[in-house]
Amino acid sequence: MTDNADPFSLSGRKALVTGGARGLGAGMAAALVRHGAAVMIADIRADLGKATAAELSAAGATAEFVDLDVTNDAAWDSAIAQTIDTLGGLDVLVNNAGIELTGLMINIDPDDVRRMMDVNVVGTALGIKHAFRAMRPGGPAGQGGCVINVASVAATIAFPSIGGYSATKSAVDRLTRVAAMESGKLGYGVRVNCIYPGLVPTEMGMKLASDIVELGLAPDVGAAVAGVVEQTPLGRLGETADMADVVVFLASDAARFVTGIGLPIDGGMGM
Ligand SMILES: NC(=O)c1ccc[n+]([C@@H]2O[C@H](COP(=O)([O-])OP(=O)(O)OC[C@H]3O[C@@H](n4cnc5c(N)ncnc54)[C@H](O)[C@@H]3O)[C@@H](O)[C@H]2O)c1
C-alpha cells in the first residue's frame, strides 16, 4: 500500500509507458502522474515524446522520455536501465505501443501482418520479459509491480478490415494470461492484465474510420463512426481518459488481487 493508505494512489510509483508520445499512451502517462506516479515515456517518436514529457514536467510532474523501439530486445535493456536510473525504480509497465494496418482478408498483405506481429505481439512480449527481469525479487527494481497490456475490442469482436490487427490483439490477450500465470507461480510479484479499448478517435482511430471508407465498407467517415456508435450500448466513441482512468486503477493497489484479466473499456461494444 502507498503511504497515505489510499489504495487508488500511485504516489511514489515509477511507470514506463510505451507509445506514450501521443494518443492513448500520452493520456495514460498524464493520468498516471496526476495520481502521483513518476513516468518515463518510451517511443520511436522522440520529437513528440520529448514534448509530451516536457508538458507533464511543466505542470509539476516527474516525466522523462527515452527512445525505444519495442521490437528491439537490446533497446529494452537500455530503456529499462535508464528508467530505473532516472526515476529510481520501476513498478508499472504499460505496453501501449501498437500499430494498425487495415485490409480485407481477400487482399491480406503478408508484410503488413508481419509488421503488426512484430510491434504488437513481439513488442508486448519483450516488454513483459524485461519488466519481469527488472521487477522480480533480486531484479534491479526488485519490488514487484504490474504490467498492463493494451489489447483492443478487436480481440473480442469480428470487425471487417482488421483481420491481421485483430489476430495480434488476440495474441496480446493470451500473452497476458500466460505471463500472469508464470509470474504468480514463479513468485515474481508482478500482476499482468490487459485492456480492450473500444474505438477512440486518436490518429489511429480516425485512420481506421477513413480506411473503412476507402475499402468501400462505409460511404463516408461520418457513417463509419456512426456504425461503431450504433454497435455501442453506451452510445458514443471512447475517449482517451476512459482508457487512462482504468489503467490507473489496474496500476494501483485497488487492483492488488487482479491478475490475468482482459478488461473491456468499450461502452459495451464487445459484450
Ligand atoms: N485508438 C483506438 O481506437 C484504439 C482502440 C483499441 C486499441 N488501441 C490500441 O491502443 C494503443 C495506442 O493506440 P493510439 O490510438 O494511441 O495510437 P497512435 O498511433 O495514436 O499512437 C501510437 C504510439 O505508439 C508509438 N509506436 C508505434 N510503433 C512503435 C514502436 N515500434 N516502438 C515504440 N513506440 C511505437 C507511436 O509513435 C505513437 O506514439 C495501440 O496499441 C492500439 O492498438 C487503440
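Counting convention: from 1, in listed order, for ligands and their atoms alike.
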Among non-hydrogen protein atoms, atom 31 (N) of ligand 1 lies closest to D69 OD1, 3.0 Å

Under 4.5 Å between side-chain heavy atoms, counting indirect links through other Ile/Leu/Val/Met/Phe/Trp/Tyr residues: same cluster for L24 and L199 or not? no

Rounded to the nearest 0.5 Å, how far does CZ of R177 lie from CD1 of I261? 8.0 Å

Ligand 1 versus A151: contacting region, heavy-atom distance under 4.0 Å: backbone

Interfacing atoms of ligand 1 (cut-off 4.0 Å, heavy-atom, G23): 16 (O)

With a 4.0 Å heavy-atom cut-off (strictly under), which part of K169 contacts ligand 1: side chain, backbone, both or neither? side chain

Considering only non-hydrogen protein atoms, determine which one is nearest to atom 3 (O) of ligand 1 and report residue, atom name and distance to 0.1 Å. V200 N, 2.8 Å

To which of G198, A46, S152 does the heavy atom nearest atom 4 (C) of ligand 1 belong? G198

Determine whether S183 and R191 make a side-chain contact, defined as any pair of heavy atoms from C-beta on separated by less than 4.5 Å. no

With no hydrogens and no angle check, just 3.5 Å: does a side-chain donor-acceptor pair link T124 and N95? no

Within a strict 4.5 Å, meaning less than it, do heavy atoms of the V200 and L237 side chains meet? no

Could you grab the distance from atom CG of L263 to atom OG1 of T176, nearest 0.5 Å is fine? 11.5 Å

Between L48 and ligand 1, which residue portion shows a heavy-atom distance shorter than 4.0 Å: side chain, backbone, both, or neither? neither

Considering only protein heavy atoms, which is closest to atom 9 (C) of ligand 1, and at what distance to one decimal place? V150 CG1, 3.7 Å

protein heavy-atom neighbour closest to atom 12 (C) of ligand 1 works out as N96 OD1, 3.2 Å

Considering residues at least two apart in sequence or located in another chain, which fulfil the ring-ring contact (aromatic ring centres under 6.0 Å, His included) criterion with F249? none

For atom 32 (N) of ligand 1, what is the closest protein heavy atom, and at what distance to 0.1 Å? V70 N, 3.1 Å

Would you indicate whether the side-chain heavy atoms of V113 and T168 approach each other to under 4.5 Å? no

List the closest protein heavy-atom neighbour of atom 1 (N) of ligand 1: residue, atom name, distance to the nearest 0.1 Å. T202 OG1, 3.0 Å

Give the numbers and elements of all ligand 1 atoms closer than 4.0 Å to a heavy atom of R45. 37 (O)

E203 with R22: basic N within carboxylate O range, under 4.0 Å: yes

Return the closest protein heavy atom for atom 43 (O) of ligand 1 as residue, atom name and distance. Y165 OH, 2.6 Å

Residue A21 vicinity, atoms of ligand 1 by number, heavy atom under 4.0 Å: 39 (O)

Side chain, backbone, both or neither: L24 near ligand 1, heavy atoms under 4.0 Å: both

Just need the protein heavy atom nearest to atom 23 (C) of ligand 1, so name the residue and atom and give the distance. G19 O, 3.6 Å

Quick check on contacts: which atoms of ligand 1 are under 4.0 angstrom from a heavy atom of G98? 40 (C), 41 (O)

Under 4.0 Å from any heavy atom of L68, which atoms of ligand 1 are there? 32 (N), 33 (C)

Can a side-chain donor-acceptor contact be found between Y196 and D173 if the only test is distance below 3.5 angstrom? yes

So, 4.0 Å and heavy atoms of E100: is ligand 1 close enough to count as a contact? no

Quick one: does R114's side chain get under 4.5 Å of V119's, heavy atoms only? no

Whether D67 and R45 form a salt bridge (side-chain N of Lys/Arg under 4.0 Å from carboxylate O of Asp/Glu) is what I want to check. no

Note: ligand 1 atoms sitting under 4.0 Å from heavy atoms of L199 are 3 (O)

